[in-house]
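Computed from a predicted model, the values in this text were never measured in an experiment.
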Amino acid sequence: MPLHPEAQAFLDKMAGVPDPTDENLEQFRSAAATLIAGGERADICDVVDRTIAGGDGQDMGVRIYIPREDGPLPVIVWVHGGSFVRGTLDMFDADWREFAQQSKCVIVAVDQRLSPEAQFPAPLEDAYAALVWAAEHRDEFKGDPDLLGVGGESSGGSPAAALPFLAHERGGPKLAFQVLANPLLDATLSSPSVEELATGYFLTKAQLDWCYEKYAPGEKRKSPLVSPVLQTDFSVSVPAAIITTEYDPVRDDGERFGESLRRAGVPVYLERILGHVHHFGGADRTPTLIHLLDAMLDDLRANRAKAV
């Protein structure tokens, strides 16, 4: 369908904003506060800050959003986006509050290290450390022992989608599901949508190339833990709720990943948001993701009940 008028208004507002470069990295980081307009921090769930050991044993923050619901509740370890180079817990706070309240899931938001100061695998190891911590401490915040998941949006989708493979490889926490919103999953930029939508929709092919070089330069971009679409055995992954967006260069990343999971027999709950762009998903984005997540969790609970 054509661009939604609200998406076109967003693009008009952002017209003239340059792609990030090494020279304007700090400006790019500070501009995120404008791009990601955090709303009011509504008192709709309980919020707890913790400091845990990150991937290299360094102090790392996590922020836990606990719905005011009777437990046990699903737990999602969430890796934030920001082109791998920007983003803070405060920046996404309002969104996570709303998502926890609407999804009735505990969100463990990860303050992973940013690139280029910390490159792959450091941010992924931070996410894995948070996953291990959440698995060990979930009973402290009403977490369901059988419904531990991972999630990520945009660039956060890369480590989030890699975590089930990494946990399987290491014999780590048993994951039940994953939630991916407009994920970046192919650092080789091989998805057809990258060429089809290379310019004109705010997120550009040039920006994708730049941010991947900050995160995983050179040959590292071919690692299946950087580019999860390049994994070879998708059967070891977990059920996925995925949303993509029509006018998004990485649209086909999420859809290719979902198709690979399906071919391996892994349940996938996927929907494309029509008429919108990567940074502006419109009013339907969150409700659609919640709908897919609910359907996935209902099926997981039904399968658990059958197994008893």
How many angstroms lie between atom [atom1] of [X] and atom [atom2] of [Y], to the nearest 0.5 angstrom?
X      : Y      : atom1 : atom2 : result
Leu184 : Phe84  : CG    : CZ    : 5.5 Å
Leu114 : Lys214 : CG    : NZ    : 13.5 Å
Phe10  : Lys13  : CZ    : NZ    : 8.0 Å
Leu25  : Ser30  : CG    : OG    : 9.5 Å
Gln231 : Leu261 : CD    : CG    : 10.0 Å
Tyr269 : Asp298 : OH    : CG    : 9.0 Å

Report yes or no: do [X] and [Y] belong to one cluster of Ile/Leu/Val/Met/Phe/Trp/Tyr joined by side chain heavy-atom distances under 4.5 Å?
X      : Y      : result
Val132 : Val75  : yes
Val77  : Phe99  : no
Leu270 : Ile243 : no
Val268 : Phe257 : yes
Leu203 : Met14  : no

Okay, side chain of [X], backbone of [Y]: is any donor-acceptor separation there less than 3.5 Å?
X      : Y      : value
Thr245 : His276 : no
Ser223 : Leu225 : yes
Glu246 : Val277 : no
Asn24  : Thr21  : yes
Gln178 : Ala240 : no

With sequence neighbours left out, write down each residue that passes ring-ring contact (aromatic ring centres under 6.0 Å, His included) with Tyr201, or none if nothing qualifies. Tyr247
Please name all residues satisfying ring-ring contact (aromatic ring centres under 6.0 Å, His included) with Phe177, sequence neighbours left out, ordered by chain then number. none
Taking the six-membered ring of Phe28, is NZ or CZ of Arg86 closer than 6.0 Å to its centre and within 45° of its axis? yes
Selection [range] - residue pairs positive for side-chain hydrogen bond (donor to acceptor under 3.5 Å, both in side chains), sequence neighbours left out:
range            : value
residues 152-165 : Trp78-Glu153, Ser154-His278
residues 99-110  : Glu98-Gln102
residues 127-142 : Arg50-Glu140, Trp133-His137, His137-Glu140

Side chain to side chain donor-acceptor pair (under 3.5 Å) between Thr51 and Asp59, intermediate numbers included: CA-CA 6 Å; Thr51 299; Asp59 285 350; over 6 Å; no
For Pro164 and Val238, which heavy atoms make the closest approach, and how far apart are they? CG-CG2, 3.9 Å
Quick check: closest heavy atoms across Ala264 and Ser235, and the distance to 0.1 Å? CB-N, 3.6 Å
Can you give each donor-acceptor pair under 3.5 Å made by side-chain atoms of residues 60-71, sequence neighbours left out, with the distance rounded to 0.1 Å?
unit_1	atom_1	unit_2	atom_2	d
Arg63	NE	Asp49	OD1	2.6
Arg63	NH1	Asp90	OD1	2.9
Arg63	NH1	Asp93	OD1	3.1
Arg63	NH2	Asp90	OD1	3.1
Tyr65	OH	Asp93	OD1	2.6
Arg68	NE	Asp46	OD1	3.1
Arg68	NH1	Asp43	O	3.1
Arg68	NH1	Asp43	OD1	3.4
Arg68	NH2	Asp43	OD1	2.6
Arg68	NH2	Cys45	O	3.3
Arg68	NH2	Asp46	OD1	3.3

Decide, yes or no, whether a salt bridge links Glu26 with Arg29 under the criterion of side-chain N to carboxylate O below 4.0 Å. yes
Phe165/Thr232 under side chain to side chain contact (heavy atoms under 4.5 Å, CB included): CA gap, chis, key distance, verdict: CA-CA 10 Å; Phe165 299 99; Thr232 56; over 6 Å; no
Taking atom CG of Asp294 as the centre, report whether more than 12 heavy atoms of other residues, nucleotides or ligands fall under 6.0 Å from it. yes
When you look at CD of Glu196, are more than 12 heavy atoms from neighbouring residues, nucleotides or ligands closer to it than 6.0 Å? yes
Pairwise ring pair (Phe, Tyr, Trp, His ring centres under 6.0 Å) hits with a residue in residues 281-308, at least two apart: none
Residue pair Asn182, Ile273: steps toward the side chain to side chain contact (heavy atoms under 4.5 Å, CB included) verdict: CA-CA 10 Å; Asn182 299 332; Ile273 306 294; 6.0 Å; no
Residues sharing Ile44's hydrophobic cluster, by side-chain heavy-atom contacts under 4.5 Å among ILVMFWY, directly or via others? none
Met1: hydrophobic cluster co-members (side-chain, 4.5 Å): Leu274
Quick one, [X] and [Y] - any side-chain contact, counting heavy atoms below 4.5 Å?
X      : Y      : answer
Val47  : Trp96  : no
Cys105 : Leu293 : yes
Val79  : Val150 : no
Ser115 : Pro123 : yes

Residue pair Glu271 / Thr288, side-chain donor-acceptor N/O under 3.5 Å: no
Among Ser191, Ser190, Pro192, side-chain contact (heavy atoms from CB on, under 4.5 Å) partner for Val194: Ser191
Does Asp126 have any salt bridge (Lys or Arg N to Asp or Glu O under 4.0 Å) partners at least two apart in sequence or in another chain, and if so, which? Arg113
Return the set of residues passing side-chain contact (heavy atoms from CB on, under 4.5 Å) with Ser227 (not counting sequence neighbours), or none when no residue passes. Asp186, Ala187, Leu230
Sort out for me which residue in Arg301, Lys174, Arg304 forms a salt bridge (Lys or Arg N to Asp or Glu O under 4.0 Å) with Asp146. Arg304
State yes or no: are the ring centers of Phe202 and Phe280 separated by less than 6.0 Å? no
Sequence neighbours excluded, every pair satisfying salt bridge (Lys or Arg N to Asp or Glu O under 4.0 Å) that has a member inside residues 198-210: Glu195-Lys205, Asp209-Arg221
Give the C-alpha distance, both sets of side-chain angles, the deciding distance and a yes or no for side chain to side chain contact (heavy atoms under 4.5 Å, CB included) between Leu11 and Leu3. CA-CA 10 Å; Leu11 293 178; Leu3 270 172; 3.8 Å; yes
